[in-house]
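Heads up, the thing below is written out as structure tokens.
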Amino acid sequence: DVKVTQSSRYLVKRTGEKVFLECVQDMDHENMFWYRQDPGLGLRLIYFSYDVKMKEKGDIPEGYSVSREKKERFSLILESASTNQTSMYLCASSSSGGAHEQYFGPGTRLTVT
Amino acid sequence: RKEVEQDPGPFNVPEGATVAFNCTYSNSASQSFFWYRQDCRKEPKLLMSVYSSGNEDGRFTAQLNRASQYISLLIRDSKLSDSATYLCVVNSRSGSARQLTFGSGTQLTVLP
């Protein structure tokens, strides 16, 4: 059974703080993704990675960066958190073969005050 | 125009009813299609893949019409536990086969 875990379920940070969100998957998947989900806007892709140390921008990368030093771990970094980054953040992983089904972590609800 | 469009609903139906959701996608080169289910305050989970010939999984039937760029999900004999948001998902990125594009979801509430 695929398991994707995220470091926190709920997080409250102040404007300007640096924020780290961590994601770990245990299925040896090559691909990992970070999304944010907002009411009415659905899931929007921030960044993804298809290999260790590789990353590609998604639809809304501004204000975010990522790190993938190990295959199982993909981190999302908010260099200087802002109130418009208050959202639900979802991590996902998938294998490179097959139809690219993605498996999601439970999400981190981030509030920036 | 959004790459994947769904009617947001909400759809409120009585138990036992049949309900259908539709979804359109804009990229004719799309290769893979899915329906995901997301319960309130939970992560999305794969409900079923959608194949060109159509496919069924118990009470759920998915159809794909490539000519019209249209995907549907039919739920028969609705149960209270079917209440959730249903996301239409398409692999439609020309640059990377690894990416999926998610619709905003259709909310279903099954009423007792």
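Just so we're on the same page: letters track the sequence lines, and every chain starts at 1.
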Next on the checklist: As an exercise: rank S94(A), G107(A), P106(A) by heavy-atom pairs under 4.5 Å with chain B and give me the winner.
Outcome noted: P106(A)

Item to check | E3(B) CD to N27(B) CG distance, which is reported to the nearest 0.5 Å | outcome: 6.5 Å

Checklist entry - Given a strict heavy-atom distance threshold of 4.5 Å, which part of F33(B) is in contact with chain A: side chain, backbone, both, or neither? => result neither

Item to check | Part of Q38(B) lying under 4.5 Å from any heavy atom of chain A | outcome: side chain

Checklist entry - To the nearest 0.5 Å, how far apart are NZ in K18(A) and CD1 in I77(A)? => result 6.5 Å

Next on the checklist: Within this structure, what is the NZ-CZ distance for the pair K79(B) and R59(B), rounded to the nearest 0.5 Å?
Outcome noted: 5.5 Å

Item to check | L47(B) and K45(B), any side-chain heavy atoms less than 4.5 Å apart | outcome: no

Next on the checklist: Looking only at the aromatic ring of each residue, does the gap between the centers of Y36(B) and F102(B) stay below 6.0 angstrom?
Outcome noted: yes

Checklist outcome for this item: Turns out that what part of P44(B) lies under 4.5 Å from chain A's heavy atoms comes down to both

Checklist outcome for this item: Turns out that what part of L41(A) lies under 4.5 Å from chain B's heavy atoms comes down to backbone

